[in-house]
Every structure is written in structure tokens, then in C-alpha cells.
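Everything on this sheet refers to the single structure shown next.
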There are 2 protein chains.
Amino acid sequence: MTTRIETLPALAEVFREHGYAGASLALISAATGLGKGSLYHLFPGGKAEMAACVLAEIDAWFETNLYRPLREQDPPEQAVSDMFDAVEGYFRSGRRVCLVGVLALGTSRDLFAEAVRGYFARWVAALADALRRAGHGEAASAALAEEVVAQIQGAIVLSRALDEPALFTRALATLRSRVATAAG
Amino acid sequence: MTTRIETLPALAEVFREHGYAGASLALISAATGLGKGSLYHLFPGGKAEMAACVLAEIDAWFETNLYRPLREQDPPEQAVSDMFDAVEGYFRSGRRVCLVGVLALGTSRDLFAEAVRGYFARWVAALADALRRAGHGEAASAALAEEVVAQIQGAIVLSRALDEPALFTRALATLRSRVATAAG
DNA sequence: CTAGCTTTGTACCGATCGGTACAGAGATGA
DNA sequence: TCATCTCTGTACCGATCGGTACAAAGCTAG
């Protein structure tokens, strides 16, 4: 007996590695160790439901581990620093791709438009909130938050493309100090 | 009678929109208006050859319109500014996705690893060269160039995800002024 | 006009796609 | 022990995949 939740990490990896279109049921079956019967028992909606569940779990993880601390934790400077730690770990120093980013670039964006939009919108909003609490102006916080999230996504692309995980770590370090020195 | 070169823009759009795996011959056939017979006559190697040709053309375009000016044009500040103009136009203010970035995130990265690596490596190197000529230190130029290219890629992801093309334009403007004020 | 070439549409190939049907295995409660 | 319900492996569905074969169509040289 296997629960939905137990399969989500394996599912997420398949979607990350192969994208939504490329994640065939054969791959999913191999990754989870479950036959089609079990898969469709757990996810009657098929691939679409699997992807939606994975996105929901990712969103929940980020909400708990990033967004909420950014909004509520004190001091905000510490929350921002913790965010960078969490990001570094979550993306395995750039070796792991951002599934939401992958979906945003593909055609499947339309299928999961709301989830994809929400993920990034909340990230930017939560980070902007922390920056504001740290003394930045309203506009400056929003702009800097956007910049930081974009830089993280770009660093994933670039470090993958150059096959150079150190680039990701380096980019995060640079961002860290930029945010710190910009702090009023 | 159709030449390979004439089909490349349509091919590129299909790969951009659907990724390598998602670009089926049916889609390619519809986008180019060519039947399978013609496609395999022009590209005996099939999809792989089509994608390779598209990548080669992209690479050539960037070499001509971005990398070479960055390396050779004087003054370097103008070359950098021109690069931002070219990027803004090429990516249609964030509405158009970067095919090389898409490939870098997917499994197809392995198929085109060298092309993907070269594209970004040359971009970063050319930009770093211009920054150095503009008076930045060796290390600072390399770091800033990396940061700028990553930020561009991230801005594409973010502006697509939020369905907000203005974000891309805004990010480029910010980068512009950052590069200018950092200039020594 | 015809012979010979290039270009193209179409039919077809085996493989795989996402999804369904269903029988049987495994657990569960009485 | 037996009936019941949850779970799972397998066979199968039509559709589509990338790719091939090939004949007809269009062009060009003589």
C-alpha cells in the first residue's frame, strides 16, 4: 500500500528531468515502482493530476519554508539569509532544476498557469515584504525582490548550461551581499 | 523548392514553444508547411539535425549581433548598450523564450550539451571582455557578465510565469543602469 | 518531347503514447 | 472461514510518435 504523498518526490524528479510532456507513464512507473493500475488508482486524473499534486506540494513546501518566514520571521535580515540557505539546499547547489521554472517556459504553462503564476508571485511578494521590514522603500523592495528571484532562476539555467554548479553558489553569495549592503 | 535556411525560423519557433521532445513532426510539418517527404529531404538526420541547424543559426546570429560587437566595437559602453537593445528585440520584450535556455533545463541538454555550453560561455566571455575594456577589473568583469546573462535568463522565466512582459523590460533597464554605474 | 534528376505527398512501419478494463492478490471485519 | 473491499499487474485500446519507402509531380538539359 502506497500513499499519494510517498510518490510525490519521485514524481517531482521525473517532471523536473523530463518536463511535463516528456514525463511518460513508463518513466513515471519506473521512477515510482508502481504499475499503471496503482498510479491510476492514486491519481484518477492521470498525468495532469500527478503534476498538479506535485505543484501543490512544492507550493506548500515553499510556503512553509520560505514565504512564511520571509513574511513573519524576525529579524527580517535573518529571514532573507535563511531563504538563501533554503534555496541553496533545495536546488542542490544548482544541480536540481526548478520545476515551476521549467513549466513556465513550456507549452504546459497554460495547463498550470495559475499555479506557476502564484508560485513566483508569492515568492516575490514575500521577499519584498521582508525587504520592506528591513527598511527598504516600497518600490525598492519590490524591484529588488523581483531581481533576486529572477537571478536565482537564471543562475539555475546558466549553471546547468555550463555544467558548473559552483556558478549557482557564487550567484547566491553575490545576491546575499547585494541585499545586505543595499539594506538601509 | 524550399531551402533549409528558409525553414529555420519556423522550426525555431516550434522548438521554442514545445521544447525538443514536444516538437512533433506533425507540429513541425504544420509550422513549416512542408510534408514529411520534404522535411526528411532537407534534414536527412530528422529532428536532431533540425534542432542542430536551428542552434547553429542562433549561435551565428548572436555571434554577429552580440558577441563580436561586444568584443570589438568601440566604445565598449556603447557595445554593451547595443547588446541590451538587441536582447530586448530578440526576446520580444520577454514574450519570446530562449531556446538555448529551454534546452539547458531539459533532458535534451545532453544531446546538445556542447552547443548549449558554447552559447552561454561565449556570451559571458564576450560581455566580460567589453566590461574589461570599459575599465572593470578582470574578476569583476567576469562576475558581472555572469550576473547579467543569468539575470536576462531569469527575467525571461519570471516574465513568462507572471505573464508580465513589462517585467523583462524593467529588468533590462535595471541591468543597464547597474552596469553603467558600476563602470569605473 | 523525352530522359533524368530533384522535390514532394502519402501510405505505411514498429514503437510508444496516455488511458481503460478487469481479474486476481492482499488485507480486513464478522 | 468467508465475504468484502482496497490495491495492483497485465492485457489491451485507439492515437500518435519518429522514421522509411516509394511513386507521382515538377523541373531541367538535350
Side-chain angles (χ1 to χ4, degrees), chain A residues 1-57 99 102-103 105-113 115, chain B residues 1-57 99 102-103 105-113 115:
Chain A
M1 159 155 66
T2 313
T3 95
R4 280 157 67 120
I5 294 179
E6 291 171 320
T7 72
L8 292 183
L11 280 177
E13 280 309 310
V14 176
F15 283 121
R16 255 189 275 270
E17 285 299 313
H18 301 89
Y20 181 72
S24 70
L25 286 186
L27 283 171
I28 292 173
S29 186
T32 58
L34 266 49
K36 285 191 182 187
S38 312
L39 286 174
Y40 273 85
H41 177 71
L42 291 173
F43 303 95
K47 258 176 73 171
E49 188 175 350
M50 299 179 202
C53 283
V54 167
L55 280 178
E57 207 207 27
L99 173 57
V102 170
L103 292 181
L105 290 181
T107 334
S108 38
R109 181 186 69 135
D110 306 328
L111 255 171
F112 308 105
Chain B
M1 158 156 66
T2 313
T3 93
R4 283 157 66 120
I5 294 179
E6 291 171 318
T7 72
L8 291 184
L11 280 178
E13 279 309 310
V14 176
F15 284 121
R16 256 189 275 269
E17 284 300 312
H18 301 88
Y20 181 73
S24 70
L25 286 186
L27 284 171
I28 292 172
S29 186
T32 58
L34 267 48
K36 284 191 181 187
S38 312
L39 286 173
Y40 273 85
H41 176 72
L42 290 173
F43 304 95
K47 258 175 72 171
E49 187 176 350
M50 299 179 204
C53 282
V54 167
L55 281 178
E57 208 207 25
L99 174 57
V102 170
L103 293 181
L105 290 180
T107 335
S108 38
R109 182 186 68 137
D110 306 328
L111 255 170
F112 307 106

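This one's a predicted model, so the numbers in the text were calculated from it and none came from an experiment. Proteins get letters first, then strands, A, B, ... in listed order; numbering begins at 1 in each.
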- Item | Protein-nucleotide distance (L39(B), atom CG; dG18(D), atom P), rounded to Å | 11 Å
- Item | Atom-to-atom span, NE2 of H41(B) to P of dC22(D) - whole angstrom | 18 Å
- Nearest whole angstrom, please: distance from the C1' of dT6(D) to the CZ of R4(A). 16 Å
- Gap between atoms CD1 and C1', on I28(A) and dC17(C) respectively (whole Å): 12 Å
- Note on the structure: In whole angstroms, the gap separating P of dT20(C) from CZ of F43(A) amounts to 15 Å
- Task: Whole angstrom is fine here: how far is it from OH in Y40(A) over to C1' in dC12(D)?
- Result: 14 Å
- Given dG9(C), dT20(C), dG18(D), which nucleotide is nearest the side-chain atoms of L25(B)? dG18(D)
- For dT7(C), does OP1 or OP2 lie under 4.0 Å from any side-chain N or O of S38(B)? no
- Kindly say whether T107(A) contributes a backbone atom to a donor-acceptor pair with the side chain of Y20(A) at under 3.5 angstrom? no
- Distance in angstrom units between L34(A) CG and dT10(D) C1', rounded: 15 Å
- What's the NZ-C1' distance between K47(B) and dT16(C), to the nearest Å? 13 Å
- dist L8(B):CG -> L55(B):CG (nearest 0.5 Å) comes out at 10.5 Å
- Select base, sugar-phosphate, or nothing to describe what A48(A) touches, counting heavy atoms under 4.0 Å on all strands. nothing
- Ranking dA11(C), dC12(D), dC17(D) by distance to the side chain of K36(B), first place goes to dA11(C)
- Query: Measuring from L39(A):CG to L11(A):CG, what's the distance to the nearest 0.5 Å?
  - Reply: 7.0 Å
- Message: Closer than 3.5 angstrom, by distance alone: can the side chain of S29(A) be matched with the main-chain N or O of K36(A) as a donor-acceptor pair?
- Response: no
